[in-house]
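Letters A, B, ... are given to chains in the order of the sequence lines, protein chains preceding strands, and every chain is numbered from 1.
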Number of protein chains: 2
Amino acid sequence: MYETGSVAGLSKSAGWSAMKMVSDAGMEVRSGGSAVGDPNPCADCDVRSRAVCAALDNSELAELASVNRHRSLESGECLFFEGDPNEAYYVVLDGSLKLYKLLADGRRQVTGFLFKGDFLGLTFADEHSVTAEALEGVKLCQMPRSTFEMLVGDSHSLGRKLLQVANRGIASAQEQMLLLGRKTAQERLASFLLWLSARAEDRGDSPSKLYVPMSRTDMGDYLGLTVETVSRTVTKLKTSGVIHLADKGIIEISDLDRLEDIAAG
Amino acid sequence: MYETGSVAGLSKSAGWSAMKMVSDAGMEVRSGGSAVGDPNPCADCDVRSRAVCAALDNSELAELASVNRHRSLESGECLFFEGDPNEAYYVVLDGSLKLYKLLADGRRQVTGFLFKGDFLGLTFADEHSVTAEALEGVKLCQMPRSTFEMLVGDSHSLGRKLLQVANRGIASAQEQMLLLGRKTAQERLASFLLWLSARAEDRGDSPSKLYVPMSRTDMGDYLGLTVETVSRTVTKLKTSGVIHLADKGIIEISDLDRLEDIAAG
DNA sequence: CGCCAGCTTGAACGAGGTCAACGGGAGTGG
DNA sequence: CCACTCCCGTTGACCTCGTTCAAGCTGGCG
């Protein structure tokens with residue numbers, strides 16, 4: 001759970017395509033793919049206001065723009081694996097990812113989901129503690145570790161911002177421990193839906209019509225449940241009229257009050 | 001889980017009593033209770049090397065020493081409650097605490113334990129996300145929020161240190177999510193004992209003779225189990241010769257390899 | 001001595017896991 | 001266009017691990 005900085009996105013493209021970038025077969029592209037000679041491409045980045053970069057001034061942004069790269073991942077691709085050396089920091093420009101840890105026998109625990117605007121790589125350690133895998137097509141802004149850490153040293157506001165992001169991550173991790181350690185299956189699922197809803201609201205999307213990019217298996221691995229239990233619990237919520245399943249990947253909250261009651265126990 | 005910065009301590013007093021402080025009925029004491037006129041009491045603090053303060057230079061330490069306070073708590077006393085305004089940062093000088101969250105019906109989740117040298121209050125938010133309660137007699141160094149945050153702004157090394165502490169907290173929170181979401185009772189208890197052991201080793205104590213200041217209930221609330229299950233599992237480990245229960249509050253690891261096998265699943 | 005809190009142990013129960021089958025949609029190939 | 005496969009989600013039947021409920025047991029403390 002690094003994220004929760006400003007969780008946003010899910011809108012399936014928006015600003016990205018508007019940038020008229022050539023996707024270059026999914027590979028790295030210089031400085032956001034902006035027109036050659038753009039004096040400060042980062043200043044125009046459409047996720048900047050909700051990302052950590054909001055803490056940087058124009059000269060710092062220019063410095064960052066000279067070394068960052070845009071990358072894209074396809075659904076199911078991994079950005080890095082648990083144990084990999086930590087060589088870069090990222091901001092999610094579009095799409096979503098999951099972070100997870102594995103046990104030797106394959107048991108999996110998803111520790112967080114990342115959406116548009118979220119910061120990734122808040123490790124300040126040499127090794128990644130989790131694997132990061134794309135849930136769908138993803139666009140990222142990649143910043144080399146050295147440059148970014150230098151910027152953190154120079155910019156008080158960036159350091160402060162990162163501490164805020166880290167602390168929000170800790171608070172939401174504590175919340176998740178409460179969920180995993182003490183809540184029932186119904187309470188877990190209800191809490192999860194409310195969390196998705198709150199994130200949607202944060203970015204101005206409808207808090208009742210949720211875009212859900214993750215599979216039932218991913219939800220189970222996040223909530224400490226099996227696929228079957230997730231499925232049964234979703235069905236129960238649907239049958240009792242609390243939620244409504246619309247198109248694939250969309251869950252509508254029909255009765256928010258009741259959902260909140262269920263989440264509270 | 002703020003802690004894990006440098007988890008240490010447990011030795012039941014040591015440096016503290018050597019400071020010849022008047023405990024002043026458990027209330028606040030100026031600048032570590034050092035002799036009046038000491039030019040830089042923080043420089044002599046015996047937990048400094050393992051605490052965040054290690055990142056400060058002498059002038060910064062002097063500044064800190066002019067505003068900090070020592071406090072003590074008795075077993076069971078709360079330093080602050082979830083939802084309380086966040087007014088200070090703390091370093092644990094001696095003793096241990098638990099951090100926890102509660103649900104409306106009383107279900108409790110312990111999110112971390114703090115030992116000597118640990119930093120507390122890494123929130124950078126206005127409200128505490130957990131309750132902090134003493135497991136035994138505790139001595140703390142309390143720094144006012146405003147001064148400390150100013151120091152963070154001025155000192156690059158302190159900011160860096162805090163980011164490290166925060167990130168270690170995030171990594172160990174992820175580890176705990178894996179434990180709560182996917183491990184069996186035996187694996188949870190074994191992982192917990194190994195964690196205690198690693199902390200003991202960090203500070204130079206025996207990694208096989210563990211000081212365990214928390215009750216079975218606290219362990220259960222940390223591991224997402226009931227007291228009964230903790231008790232039964234401890235008994236099972238004891239019966240199978242993996243651990244040995246010595247004096248109250250002491251657990252000896254008799255067969256480390258087997259304990260590691262159990263923790264791994 | 002009696003009381004109380006913490007720990008242990010036993011017996012029965014149940015929430016969620018496991019195993020198995022099935023259905024539907026997307027992709028592929030004839 | 002259909003046949004086939006694969007993946008994902010759903011549903012059912014059964015089982016298990018940990019919970020719940022209920023005693024006891026121990027040690028500290030008035």
Would you kindly give the [atom1]-to-[atom2] distance between [X] and [N], to the nearest whole Å?
X: K238(B); N: dC7(C); atom1: NZ; atom2: P; answer: 13 Å
X: M219(A); N: dG9(D); atom1: CE; atom2: C1'; answer: 11 Å
X: K236(A); N: dG12(D); atom1: NZ; atom2: P; answer: 13 Å
X: D105(A); N: dG17(C); atom1: CG; atom2: P; answer: 15 Å
X: K248(A); N: dG24(C); atom1: NZ; atom2: P; answer: 15 Å
X: R182(A); N: dA15(C); atom1: CZ; atom2: P; answer: 17 Å
X: R107(A); N: dC17(D); atom1: CZ; atom2: P; answer: 13 Å
X: L189(B); N: dT8(C); atom1: CG; atom2: P; answer: 11 Å

OP1 or OP2 of dT9(C) sitting under 4.0 Å from any side-chain N/O of T235(B)?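 T235(B) to dT9(C) OP1/OP2: side-chain N or O found under 4.0 Å.
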Is T226(B) close enough to dG18(D) that one of its side-chain N or O atoms is under 4.0 Å from OP1 or OP2 there? no
Sugar-phosphate, base or nothing in reach of S215(A), heavy atoms under 4.0 Å: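 Sugar-phosphate contact only - S215(A) comes under 4.0 Å of backbone atoms but never of a base.
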With sugar-phosphate meaning primed atoms plus P, OP1 and OP2, does G220(B) contact a base, only sugar-phosphate, or nothing at under 4.0 Å between heavy atoms? nothing
Look at the side chain of S231(A) and decide which nucleotide, out of dT8(C), dG17(C), dT11(D), has an atom nearest to it.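 For S231(A), the side-chain atoms sit closest to dT11(D).
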Taking the side chain of L245(A) as heavy atoms from C-beta outward, which of dG18(D), dT10(D), dC7(C) is closest to it? dT10(D)
Would you name the heavy atoms of M219(A) and V230(A) that are closest together and state the gap between them? CE-CG1, 3.8 Å
More than 12 heavy atoms of other residues, nucleotides or ligands under 6.0 Å from CD of E74(B): yes or no? no
Taking for each residue the nucleotide of DNA chain D with the nearest heavy atom, is it E228(B) or T229(A) whose nucleotide lies nearer the 5' end? T229(A)
On a plain distance test, is the side chain of R232(B) in donor-acceptor contact with the base of dG10(C) below 3.5 Å?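 Pair found.
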Between R188(A) and K183(A), is there a donor-acceptor pair closer than 3.5 Å when you use the side chain of the first and the backbone of the second?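 Judged by distance alone, yes, a pair lies under 3.5 Å.
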Flag the pair I251(B) / H244(B) as yes when at least one side-chain heavy-atom distance between them is below 4.5 Å, and no otherwise. no
Can the ring centres of F119(A) and Y90(A) be said to be less than 6.0 Å apart?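 Here the rings of Y90(A) and F119(A) have centres that are no less than 6.0 Å from each other.
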